[in-house]
Each structure stands twice: as C-alpha cells, then as structure tokens.
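First up is the structure itself, then whatever we jot down about it.
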Amino acid sequence: KTIFLVSMPLFILRLLLPIYGREIGASVVEIGLFFSAFSLMTVILRPLVGWGLDHFGRRGFFLAGLGGYALSMISFAFIDQAFAVIFARMFQGMSASLLWLSASAITADLAQEKERGVAFGRISQANSRGSIAGAFIGFIVLTLPIGINGRESDLDRWMLLFLIYGGISLYALLIGIRGLPESKPAISEVDKTPIKWSQTWVLLLLVTLVTGASAAMISPILIIFLQD
C-alpha cells in the first residue's frame, strides 16, 4: 500500500515536469537539469545505500525515503524558481535511492525464494497502479478552475497538486511507521557472497547505461517539443 501511494506523483513528474518548468520560466537547459539532478543523486547514493542496507537494516532507510518524498513534493508547492526546483529534485533523488532500494531489499527478505518473482511483480504492479491513479488525480486538479482573487492560475493548480501528493506521501509514511517491521536477516560473514564481475554482467550494465542515457536525453524536451 505504501508503494501504491508514494508512486502516485511519478507519472506526472516524468511527463509534465517540463511543462511546469516552462510555467516558472525555466530554460530548456534548466529543465534538463531537473532530470539530471535526480539521476545524478541516484547514481552517487545507490552504492552507499546498498552498503547501509546490509549493515543497518532496511526499515529506517525505507521510512527516510518516504519522508523525503513527502518533503520534496511539499517543497515543490512553494517553489517558483528553476534553481530551487533543481535542488528539490536532488533531494528527491536522494529519497528515491533510499526508498526503492530498501523496498527491493524488504521484498527479497520477506518473500520465499520460489515466490520472489511474484513478490517483485506485485511491487511493480503497485507502482504502475499508483502512477495511473496519481495521473488521474493530476489531470483533474490541473483542469480545475481555481486561482487567487477569482483569476484562474496554472501555478495555483500546480501548488494544489503538489500539496495533495505531499499529503498522500505523508500518509504512506504514517502507514510505514505503524506497520513495517525490520526485515534484515542475520547474515554471517561466511554467508556473504562476493560480487563476481562477469562478461555478461558488464554487457548488461553497458546496455542499461546506453538505454538509460538515451531516455534521459529525450524525456526532458520531448513534451516541450510536442507542446510547441
């Protein structure tokens, strides 16, 4: 349920963040930095988060990620400068590293070995359902006739939407605090298996790098291109 709730803003952020950037006067380069700042933080922090998950457990990292997502969404509601959005996206990237890695680790811990594929499929399903539900909410809010002093304003709609997403993320955090146990198994030094760098694994990493870089170069400007 927490994954479903915290996934609600994801589709809107991926699809419409460039349009929001245009609303606050951001240039194309700055809009590209909205996405690059997020990705940079995940690249830097994920190895460190993985080490922390193994040494300090999963629950604290997961809850910190939920809280970070909530704070970042609420901060968007009060930001009207491009550089501030970039810093907020950096913070959101940090939160994403904490949240999604810990969610994967918790899933692997709690699921039986033969059922892990199904468990990860359910996580992906909850993510997709949350994104769809969040998109539905987003498109409704962004078409509401609201504004200050009786004048409709796109920025007021965005502010309301970000506050709604922030409130939903805070609710997800509350659910996690009340119902999520620590799942880190007791693993001895003997049980730890070192990572082996194989040719197949390196090739997979390169393919992931190329496809990810291609998507990252296109996604920030595609919506702006279509809008123009």
Side-chain angles (χ1 to χ4, degrees), residues 1-17 19-21 23-24 34-35 37-42 44-46 48-49 52-53 56-107 123-142 144 146 155-183:
K1 191 172 182 178
T2 54
I3 295 298
F4 172 80
L5 293 172
V6 81
S7 297
M8 285 190 177
L10 299 185
F11 180 83
I12 290 293
L13 287 177
R14 283 195 295 261
L15 183 65
L16 299 184
L17 187 61
I19 295 178
Y20 173 70
E23 292 287 342
I24 63 174
F34 293 171
F35 292 84
F38 180 94
S39 300
L40 176 63
M41 297 311 298
T42 60
I44 293 174
L45 288 181
R46 282 190 172 188
L48 299 176
V49 173
L53 291 172
F56 304 110
R58 286 66 155 125
R59 185 176 186 272
F61 285 86
F62 186 77
L63 296 179
L66 288 174
Y69 253 85
L71 290 176
S72 62
M73 295 310 305
I74 293 172
S75 70
F76 283 141
F78 303 100
I79 288 174
D80 59 359
Q81 298 292 330
F83 75 90
V85 175
I86 294 171
F87 282 107
R89 286 287 285 172
M90 291 177 66
F91 183 72
Q92 193 173 50
M94 296 169 59
S95 303
S97 299
L98 296 172
L99 175 65
W100 297 110
L101 280 182
S102 57
S104 297
I106 291 170
T107 302
I123 292 292
S124 179
Q125 184 183 57
N127 182 294
S128 298
R129 287 180 175 179
S131 296
I132 293 172
F136 183 73
I137 293 172
F139 288 126
I140 290 177
V141 172
L142 292 176
L144 290 176
I146 60 175
L155 288 181
D156 290 337
R157 297 187 188 100
W158 280 104
M159 176 184 291
L160 176 60
L161 179 60
F162 288 138
L163 288 175
I164 291 173
Y165 285 152
I168 291 172
S169 298
L170 285 175
Y171 179 56
L173 174 61
L174 179 61
I175 294 175
I177 291 174
R178 298 180 61 180
L180 181 67
E182 176 56 63
S183 65

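Owing to the predicted nature of the structure, the values given are computational and were not obtained by experimental measurement.
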If you define the side chain from C-beta out and look only at heavy atoms, does anything of [X] sit under 4.5 Å from [Y]?
| X | Y | answer |
| --- | --- | --- |
| Val6 | Thr2 | no |
| Asp156 | Leu160 | no |
| Leu16 | Glu23 | no |

Nearest 0.5 angstrom please: [X] [atom1] to [Y] [atom2], how far?
| X | Y | atom1 | atom2 | answer |
| --- | --- | --- | --- | --- |
| Arg14 | Ile12 | CZ | CD1 | 10.5 Å |
| Ser124 | Arg129 | OG | CZ | 11.0 Å |
| Arg59 | Ile177 | CZ | CD1 | 7.0 Å |
| Ser131 | Phe4 | OG | CZ | 9.5 Å |
| Leu63 | Ile175 | CG | CD1 | 12.0 Å |
| Ile19 | Ile24 | CD1 | CD1 | 13.0 Å |

Would you mind listing every ring pair (Phe, Tyr, Trp, His ring centres under 6.0 Å) that reaches into residues 155-180, with sequence neighbours excluded? Tyr20-Trp158, Tyr20-Phe162, Phe76-Phe162, Trp158-Phe162

For side-chain contact (heavy atoms from CB on, under 4.5 Å), just list the numbers for Phe61 and Ile106, CA-CA rounded to whole Å, side-chain angles, deciding distance to a tenth of an Å, and then say yes or no. CA-CA 11 Å; Phe61 285 86; Ile106 291 170; over 6 Å; no

Looking at Phe35, is its backbone amide N or carbonyl O close enough to the side chain of Arg89 to form a donor-acceptor pair, meaning the two atoms are under 3.5 Å apart? no

So, the side chain of Arg157 versus the backbone of Val141: is there a donor-acceptor pair under 3.5 Å, distance only? no

At their closest point, which heavy atom of [X] faces which heavy atom of [Y], and how far apart are they?
| X | Y | answer |
| --- | --- | --- |
| Ala77 | Met159 | O-CE, 3.2 Å |
| Ala172 | Leu66 | O-CD1, 3.8 Å |
| Ser72 | Ala88 | CB-O, 4.2 Å |
| Leu161 | Gly138 | CD1-CA, 3.5 Å |
| Ala135 | Phe11 | CB-CD2, 3.3 Å |
| Met73 | Gln92 | SD-NE2, 3.4 Å |

Taking only distance into account, with no hydrogens and no angle test, what donor-acceptor pairs under 3.5 Å do side-chain atoms of residues 94-101 form with protein atoms, sequence neighbours excluded?
from	atom 1	to	atom 2	distance (Å)
Ser95	OG	Phe91	O	3.0
Ser97	OG	Gly93	O	3.1
Trp100	NE1	Tyr69	OH	3.4

Residues at least two apart in sequence or cross-chain that pass side chain to side chain contact (heavy atoms under 4.5 Å, CB included) with Ile123, listed by chain then number, are Ile3, Thr107

